[in-house]
Protein chains: 2
Amino acid sequence: MNDLKLEDIAKLAGVSRSTVSRVVNASPNVGAATRKRVEKIIQNTGYHPNAAARSLASQRTNMIGLVIPRTTSAFFTDPYFPHLTQGVAFACNNHHMTLSLFLVGNQEDENEITPRLLRRGMLDGFLLQSGNSDDMLFKRLISSQVPLLVLGRPFEEKSVNYIDVDNISAAKSAVSHLIKLGYQRIGMITGAIRSTTSIDRETGFRQAMAEAGREIDPTLIAEGDFSESSGYLAMKKLLPLRPDAIFAQSDVMAIGAMRAVQEAGLQIPGDVAFVGFDDLPIASTLPIKLTTVHQPITHFGIKAVDLLIDMIEKGTKPAKRMILDTELIIRDTCGGKSVNRPTDQGAEMEGSALKKPA
Amino acid sequence: MNDLKLEDIAKLAGVSRSTVSRVVNASPNVGAATRKRVEKIIQNTGYHPNAAARSLASQRTNMIGLVIPRTTSAFFTDPYFPHLTQGVAFACNNHHMTLSLFLVGNQEDENEITPRLLRRGMLDGFLLQSGNSDDMLFKRLISSQVPLLVLGRPFEEKSVNYIDVDNISAAKSAVSHLIKLGYQRIGMITGAIRSTTSIDRETGFRQAMAEAGREIDPTLIAEGDFSESSGYLAMKKLLPLRPDAIFAQSDVMAIGAMRAVQEAGLQIPGDVAFVGFDDLPIASTLPIKLTTVHQPITHFGIKAVDLLIDMIEKGTKPAKRMILDTELIIRDTCGGKSVNRPTDQGAEMEGSALKKPA
DNA sequence: AATTTCTTTGGGAGCGCTCTCATAAGCCAT
DNA sequence: ATGGCTTATGAGAGCGCTCCCAAAGAAATT
């Protein structure tokens, strides 16, 4: 509790600083009796090693950062990020690491945060949410000396470490399902169009249509930005064109879009069917349950941390890649026959669903 | 970028380490010419001071922690926390501080995180979300030597620094409004009943009823835990007792409860009126807009950081208190005449709504 | 019994900064 | 010029750890 240092413990135990250090760091080369004696004194005095001193001497801070650029500023509007953060935090706990959160709000923040990230002695590594193509922060950080893992496919993939879900085939399976169900006028509400996420999901959409020999009506593609209101607005534009099914690139936008449909007095899925993306917990508690692509958000965060720590410990060459799978969850909004399956997003933190690494 | 140190810069500039240090730390006592020369070299070399070394020497890390105990594990289920986190992160940026996030998932995390928080040289101070009465983490941390500000009224207030909103009068105004509107069978859905937040809101409920000379029917009070599903379940229990109005202690629970009402084929507010608490952005985009108590969540986070930093710099004696105001926002779910007012929760981060401190 | 090998411990040199104090220089008034 | 004052710079002693290396025993080998 108080201001004891290693040296004080050493004196109390009648050993050297080195020995106490060994005990604190669980080094094997300490006699059993000595270890016990030192441990007891540490216990009694409530000694805690000073983190800064330890970092300075060991060149390790045991901290990693999670950076959300401002181009992704839909940040806490979309439950995606909280879930991700939860996964990251969970994994950090398992690895005895501390998580630092950098939410970039504006240009000023960006200038101020960048050096903090690049500074040595601060972070052992960091996770960077992939943003838009014109993201300057991204460009500045990408050449960082400290290990960096990008969340989501970056624009410039060359020798960048990243982790992502397979957005293309995920979107493809969603749209194929709609086609299989017989919908004729299938529309799409995109995410922020300069994000790779949105681009990949659109690619999946196009692939599914092409494979089915369908023409794409470009007027049935409306632009959103992953937010609820953008989904609502996009749907308002689409409604006069009478689409019979919509692939929304996120659940939150699907919810906004469905709000627009209901306001117009139309039925879901009777008049307009929906498939979303994310499988947020809310998808299964909506009045009309949302058919959507399940992506393991929390798990994604955990994997990201695991990979980053691996990079920190074993180096970043060759560049690391990891692509996680998704799964189409069929519920009520797509019409056809409904197969129910509870979402497990929220439950992941609990109990034994997630085994800790040994 | 590379591994330059203060000394290298000094050598390059032909000055002493001390002078470079002064330049880096914007100390006034440096000659203009010298400053310029040193700054240029720092610029060119891309030098960044080592954070660990600086922390060790200065006894300041410029990091603060945000700790969410596991008893509050509804964590990212409820948008409350993301909004709070956003405010905290925003304020940290303004103060050039780094935010560390501690999400306590389970007992093991708790044991592991506690020493990290208490350790010197790690955090300059931290924010601790108030949890349940039986929260051990809380008890262990409360006597911390490092400055600590509790978010929400703690159980044991004595000499504890905390910040809260005025839950009692907020709840009171919500319930009074329902009474004024003429509802006769007013029920309540509580939050986690061992949290001070829930206790205070219940007190407000009771005060409003008492002032109006109303009896309280205890069967019309159902227990929730701030989650959507708990609101739904609570309402299921309440429905057979035919309440005509419900005060839900959080918006999310109100949403769950309204789901139950609609499933039962009843009208809102015709059959059951609602008042929520929080004024999340979603409250104003629901099909039937939610009447609720606005609490400035993001702003709350900002104020908390400001206060904590003040404590770090000026000491914690006497114990600090801060209580923020709330406002009843009347929309559609309470019946009576609706006054619309857009929620500004999400907008707070943008533009000039929030002035940075000079 | 002598030699080698391991295990346990201590000593000391950093890690890269900050900060106090001493010194040197510049400035003004007398 | 001379003393007193302010301002700019440098030297050096830490901050509290880690980690390499050497030393001293103990144990094992010959």
Side-chain angles (χ1 to χ4, degrees), chain A residues 1-39 41-42 45-63 115-116 118-124 145, chain B residues 1-39 41-42 45-63 115-116 118-124 145:
Chain A
M1 293 302 179
N2 25 40
D3 277 27
L4 289 166
K5 42 174 124 171
L6 205 57
E7 184 126 31
D8 300 321
I9 303 299
K11 216 163 284 171
L12 287 170
V15 297
S16 73
R17 233 170 39 247
S18 308
T19 301
V20 180
S21 175
R22 287 185 191 100
V23 171
V24 169
N25 295 294
S27 154
N29 302 313
V30 179
T34 315
R35 155 163 291 129
K36 203 147 208 172
R37 186 153 37 93
V38 173
E39 274 171 350
I41 291 179
I42 290 177
T45 55
Y47 165 78
H48 291 297
N50 180 295
R54 196 200 278 240
S55 296
L56 179 58
S58 67
Q59 309 286 29
R60 271 283 234 131
T61 61
N62 291 310
M63 300 211 315
R116 291 220 305 269
L118 266 17
R119 206 193 301 305
R120 293 147 305 131
M122 170 97 201
L123 258 27
D124 286 342
Q145 300 292 295
Chain B
M1 291 308 178
N2 24 40
D3 278 27
L4 289 167
K5 40 174 122 171
L6 205 58
E7 184 128 28
D8 300 322
I9 303 299
K11 216 163 284 168
L12 287 170
V15 295
S16 73
R17 234 169 38 249
S18 309
T19 301
V20 180
S21 175
R22 287 187 190 98
V23 171
V24 169
N25 294 294
S27 153
N29 302 314
V30 180
T34 315
R35 156 162 291 129
K36 203 147 210 171
R37 185 153 38 94
V38 173
E39 273 171 350
I41 291 178
I42 291 177
T45 54
Y47 165 77
H48 291 297
N50 180 297
R54 194 198 280 239
S55 297
L56 178 57
S58 67
Q59 309 287 31
R60 272 283 235 130
T61 60
N62 291 310
M63 299 210 319
R116 290 221 304 269
L118 267 16
R119 204 191 303 304
R120 295 146 303 131
M122 172 95 201
L123 258 27
D124 287 341
Q145 298 294 293

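Chain letters run A, B, ... following the sequence lines, proteins first, then strands; residues in each count from 1. Everything numeric here is computed off the predicted structure, so don't read it as measured data.
In this entry the distance linking CZ of A:Arg60 with P of D:dG16 reads 23 Å, nearest Å. Here the C1' atom of nucleotide C:dA13 and the CG atom of A:Leu56 are 13 Å apart, to the nearest Å. B:Asp8 has its CG atom 13 Å from the C1' atom of C:dC17, to the nearest Å.
Axis deviation across the helix from C:dA1-D:dT30 to C:dT30-D:dA1 amounts to 40°, comparing end segments of five pairs, rounded to 10 degrees.
Partners of B:Ile41 under the side-chain contact (heavy atoms from CB on, under 4.5 Å) rule, at least two apart in sequence or in another chain, are B:Ile9, B:Leu12, B:Ala13, B:Thr45. With sequence neighbours excluded, no residue forms a side chain to side chain donor-acceptor pair (under 3.5 Å) with B:Asp8. A search for salt bridge (charged side-chain N to carboxylate O under 4.0 Å, His left out) contacts involving B:Arg119 returns nothing, not counting sequence neighbours. In this structure, B:Arg17 has no salt bridge (charged side-chain N to carboxylate O under 4.0 Å, His left out) partners at least two apart in sequence or on a different chain. Considering only residues two or more places apart in sequence or on other chains, A:Gln59 meets the side-chain contact (heavy atoms from CB on, under 4.5 Å) condition with none of them. Taking A:Ser18 as the reference, A:Ser16, A:Arg22 meet the side-chain contact (heavy atoms from CB on, under 4.5 Å) condition, with sequence neighbours excluded. For A:Asp124, the side-chain contact (heavy atoms from CB on, under 4.5 Å) partners two or more places apart in sequence, or in a different chain, are A:Arg60, A:Thr61, A:Asn62, A:Met97, A:Ile312.
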Any protein N or O atoms within reach of nucleotides 5-8 of chain D? Criterion: under 3.5 Å, listing atom names and distances.
none

Grab the N/O contacts between the protein and nucleotides 17-19 of chain D below 3.5 Å, and write none if there aren't any.
| residue | atom | partner | partner atom | Å |
| --- | --- | --- | --- | --- |
| D:dC17 | OP1 | A:Tyr47 | OH | 2.7 |
| D:dC17 | OP1 | A:Asn50 | N | 3.2 |
| D:dC17 | OP2 | A:Leu6 | N | 2.6 |
| D:dC17 | O5' | A:Tyr47 | OH | 3.3 |
| D:dT18 | OP1 | A:Asn25 | OD1 | 3.4 |
| D:dT18 | OP1 | A:Asn25 | ND2 | 3.0 |
| D:dT18 | OP2 | A:Ser21 | OG | 2.5 |
| D:dT18 | OP2 | A:Asn25 | ND2 | 3.4 |
| D:dT18 | O4 | A:Arg17 | NH2 | 3.2 |
| D:dC19 | N4 | A:Ser18 | OG | 3.4 |

Measure all distances between protein nitrogen or oxygen atoms and nitrogen or oxygen atoms of nucleotides 25-28 of chain D, and list the pairs falling under 3.5 Å.
none

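Nearest heavy-atom pair across B:Pro49 and B:Val24 is CG-CG1, 4.0 Å. Between A:Tyr47 and A:Lys5 the shortest heavy-atom distance is CE1-C, 3.7 Å. When all heavy atoms of B:Ala51 and A:Gly121 are compared, the pair lying nearest together is CB-O, 3.4 Å.
To the nearest 0.5 angstrom, A:Met122 atom CE is 5.5 Å from B:Met63 atom CE. Note: B:Arg54 CZ to B:Leu6 CG = 9.5 Å, rounded to the nearest 0.5 Å.
Of the side-chain N and O atoms in B:Thr19, one or more sit less than 4.0 angstrom from OP1 or OP2 of D:dG10.
Within the structure, no pair that satisfies the side-chain hydrogen bond (donor to acceptor under 3.5 Å, both in side chains) test touches residues 27-39 of chain B, not counting sequence neighbours.
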